[in-house]
Amino acid sequence: MTTILVTGATGTLGRQVAERLRTEGADVRGLSRRSPSYAVDLRDGKGLDAAVDGVDAIVHCASSPRGGDDRAAGFLIEAARRAGVPHLVYISIVGVDRVPLRYYAAKRRVERMIEDSGVGATIQRTTQFHDLVLSVVSGAAKLPVLPVPAGVSVQPVDSGEVADRLAALALGAPAGRVPDLGGPGVREFGALAGAYLRATGRKRRVLPVRLAGKAYAGFRSGGHLSPEHAVGTVTFEEFLARHHRRAG
């Protein structure tokens, strides 16, 4: 039986990756700070050696926009080396090398660390998840008007489709940097905000707001998009309908 360690196994993506792998018959070790079996805090790496011992692959889904991804990856890579793990799968983001955002820069550093590690690796970049867009617009909808970044489009992808791809990659051989996985279409942020309002029955005026800074310029120029890899099939509207069915 193939044994696979999934980091961030209680998160939106990691939980689904673990489910997919179990369905395929893999023995899955779910690693997170709150895991009943493999409780590891990647900020210090304590307990990693036991978690990676004897695994055939690692799927690294754990991440924090608050920082520390490169430090956590360092602990994981060193543990994988010591254990002789043959395959490390990493989920990254389209545009980490084009949009000057601190979180993106950290993800790019992790990519380089993995590429230089000597561990067999697969790196998958994806566009933003539907869940992220929902979080942004639902938070903004608490205001009297719904502000959106002017001139910015996104290409949201379903996290379940990403989980399917990562599970398949983990069960295969190391493949290096693989083609991006983008959502089914590039959409203006305002249009997605409008879809959210219609789905929830809320009435707000969508207000495009011009922002400042290099990161905003990078998003306006589409550095985070991958229209040539629009292979996802679940639209934002379909995601919203499913989300509200579950919430109801």
[atom2] on [Y] to [atom1] on [X], rounded to 0.5 Å:
X	Y	atom1	atom2	result
Phe239	Phe129	CZ	CZ	10.5 Å
Tyr38	Ser32	OH	OG	12.5 Å
Tyr90	Leu166	OH	CG	11.5 Å
Asp41	Leu48	CG	CG	9.5 Å
Ser159	Ile91	OG	CD1	10.5 Å
Leu13	Asp131	CG	CG	9.5 Å

Given the rule in the side-chain contact (heavy atoms from CB on, under 4.5 Å) test, do Arg165 and Val231 qualify, once you have shown the distances and angles that lead to the verdict?
CA-CA 11 Å; Arg165 172 72 67 84; Val231 296; 3.9 Å; yes
Can a salt bridge be assigned to the pair [X] and [Y] using a cut-off of 4.0 Å between side-chain N and carboxylate O?
X	Y	result
Glu237	Arg187	yes
Arg109	Asp70	yes
Arg20	Asp164	yes
Arg112	Glu115	no

Is the side chain of [X] donor-acceptor paired with the backbone N or O of [Y] at a distance under 3.5 Å, no angle test?
X	Y	answer
Thr7	Cys61	yes
Glu238	Thr235	yes
Gln155	Leu225	no
Ser138	Leu134	yes
Arg22	Asp27	no
Ser117	Ile114	yes
Arg98	Gly223	yes
Asp180	Gly182	no
Arg71	Arg43	yes
Arg81	Val119	no

Are [X] and [Y] joined in one hydrophobic group, where the rule is that I, L, V, M, F, W and Y side chains link up if heavy atoms are under 4.5 Å apart?
X	Y	result
Val136	Tyr104	yes
Leu132	Val157	no
Val137	Leu240	yes
Tyr103	Leu42	no
Val186	Val234	no

Check whether any side-chain heavy atom of [X] lies under 4.5 Å from a side-chain heavy atom of [Y], and answer yes or no.
X	Y	value
Val96	Lys107	yes
Asp49	Arg82	yes
Arg15	Thr10	no
Val6	Val28	yes
Ile58	Ile4	no
Thr127	Val154	no
Leu88	Leu76	yes
Arg29	Thr3	yes

Looking only at non-hydrogen atoms, find the nearest pair between [X] and [Y] and report the distance.
X	Y	value
Ser64	Asp69	N-OD1, 2.9 Å
Gly232	Glu161	CA-OE1, 3.5 Å
Arg204	Leu197	O-CD1, 3.5 Å
Pro147	Val209	CB-CG2, 3.9 Å
Val133	Pro156	CG2-CB, 4.0 Å
Leu169	His87	O-CE1, 3.1 Å

Regarding Ser92 and Gln124, is there a side-chain donor-to-acceptor distance under 3.5 Å anywhere?
no
Verdict with reasoning, Thr126 to Ile93, per side-chain contact (heavy atoms from CB on, under 4.5 Å)
CA-CA 5 Å; Thr126 76; Ile93 305 171; 5.8 Å; no
So Phe236 and His130, would you call those rings parallel, tilted or perpendicular, with 30° and 60° as cut-offs?
tilted
More than 12 non-hydrogen atoms from neighbouring residues, nucleotides or ligands closer than 6.0 Å to CD on Glu188, yes or no?
no
Verify side-chain contact (heavy atoms from CB on, under 4.5 Å) between Val178 and Thr122, making sure each step is shown before the conclusion.
CA-CA 7 Å; Val178 296; Thr122 301; 3.8 Å; yes
Apply the test side-chain contact (heavy atoms from CB on, under 4.5 Å) to residues Val59 and Leu5: give CA-CA distance (whole Å), side-chain angles for both, the deciding distance (0.1 Å), then the verdict.
CA-CA 6 Å; Val59 184; Leu5 176 72; over 6 Å; no
